[in-house]
Amino acid sequence: MLPTVNATAYLTALKEGGSLPGIVEADDLGTYVVKFRAAGQGPKALVAEIVVGTLGRQLGLRVPELALIELDVEIGRREPDQEIQDLLVRSAGLNLAIDFLPGSLGFDVGSAAARARVDPVEAATILWLDSLSANVDRTWRNPNLLMWHRQLWCIDHGAALRFHHSWGRTDSFAASPFDWSQHVLRDIAAPLGPLADGLAARVTPAALSAALDLVPDAWLAPDPLRPDPDAPADPAAARAAYREVLLARVAAMPSWLPVAP
Ligand SMILES: Nc1ncnc2c1ncn2[C@@H]1O[C@H](COP(=O)(O)OP(=O)(O)OP(=O)(O)O)[C@@H](O)[C@H]1O
Ligand SMILES: [Mg+2]
């Protein structure tokens, strides 16, 4: 299980984030970036954050630590900004907390010095994970990579695993190609050919189960706000379905592998 903390104060909104994440203080004295359950794509974005972030860690990538955070409705009611108040009140209960990296800067792909700090094999591993999980949110325009203490950290995996938005069409997901034409690490990553089999071998049923076990049951239950007749009926079925789809995608490699023309 992920550790659970309790929110003590909502500090500020991260306005640059499309899903209106906030910086929140918790009772373990930690500071977190919180992704709210009631935002944008709903709990599925939080599922993708946990599953893909954990797979990234299993592959040796730096992903800020994740926790679950309990949000008291009173914290929302005290918020003066109407849009944020509404989001917080509707998100009362469990949300996703991501360890805040103080002083981190967005990765600037235009800077030769920043590019030089990136290990090509690490870049290739990130590109491979994004291809596996169909993460469209790591482009030049929106890199979702932070530099912290001169090292690269991966954030924002909420848009990955798009198959969970339409469970009736998961068959076509397994072999669907990944558009990496605007991937921020496209020109930095080492060639994936020699690395891909080794990476794929690490995405085992056990590794996927470990990642899926970290997701709270409530976020895997059918979402009443976004009905899908083909959605798995309960959390256990959902975990099995995610595992099956992702293993089918691993097996379908190299059809989705980014390889230079
Ligand atoms: N762990 C962190 N530590 C420090 N800053 C962070 C962290 N996570 C996110 N940020 C900052 O907050 C911004 C928004 O976070 P994130 O990209 O995860 O949110 P989002 O709403 O999913 O954004 P997007 O608009 O890309 O969909 C990031 O671009 C980054 O500047
Ligand atoms: Mg982002």
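Everything numeric in this text was worked out from a predicted model, so none of it was measured.
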Indicate whether the side chain of Arg162 and that of Ser176 have a donor and an acceptor atom separated by less than 3.5 Å. yes
Practice prompt. Under the side-chain contact (heavy atoms from CB on, under 4.5 Å) rule, what do Asp230 and Ser166 come out as? Steps first, then yes or no, please.
Written response: CA-CA 7 Å; Asp230 302 304; Ser166 47; over 6 Å; no
Rounded to the nearest 0.5 Å, the CD1 atom of Ile69 sits from the CG atom of Leu96 at a distance of 9.5 Å
Residues at least two apart in sequence or cross-chain that pass salt bridge (Lys or Arg N to Asp or Glu O under 4.0 Å) with Glu74, listed by chain then number, are Arg77
In short, Ala124 meets Ala190 closest at the heavy-atom pair CB-O, 3.4 Å
Practice item. Please determine, by modelled atom types, if Ser133 and Asn135 share a side-chain donor-acceptor pair under 3.5 angstrom. Key: no
Interatomic distance, CZ@Arg37 vs CG@Asp223, rounded to 0.5 Å, equals 10.0 Å
Taken to the nearest 0.5 Å, the spacing of Arg169 CZ from Asp228 CG works out to 9.0 Å
- Message: If we ignore hydrogens and angles and just use 3.5 Å, is the side chain of Gln58 paired with the main-chain N or O of Ala207 as donor and acceptor?
- Response: yes
task = State whether Asp156 and Lys35 are salt-bridged, where the test is any N-O pair (Lys NZ or Arg NE/NH1/NH2 against Asp/Glu carboxylate O) under 4.0 Å.
result = yes
Distance col, row Leu161:CG vs Leu246:CG, nearest 0.5 angstrom, shows 6.0 Å
Next item on the list: Determine the interplanar angle of the Phe163 and Phe173 rings, folded into 0 to 90°, and report it as parallel if under 30°, tilted if 30 to 60°, perpendicular if over 60°.
Entry: tilted
So the side chain to side chain donor-acceptor pair (under 3.5 Å) pairs with at least one residue in residues 202-217 (sequence neighbours excluded) are Ser209-Arg243, Asp217-Arg239
* Asked: What do you reckon, are the aromatic ring centroids of Trp167 and Tyr242 less than 6.0 Å apart?
  -> yes
Review point. Can you find a side-chain donor-acceptor pair between His157 and Arg138 that sits under 3.5 Å?
Key: yes
Here the gap from Thr4 atom OG1 to Leu68 atom CG, rounded to the nearest 0.5 Å, amounts to 4.5 Å
Decide if the gap between the ring center of Trp256 and the ring center of Trp128 is smaller than 6.0 angstrom. yes
Rounded to the nearest 0.5 Å, the CG atom of Asp99 sits from the CG atom of Leu66 at a distance of 9.0 Å
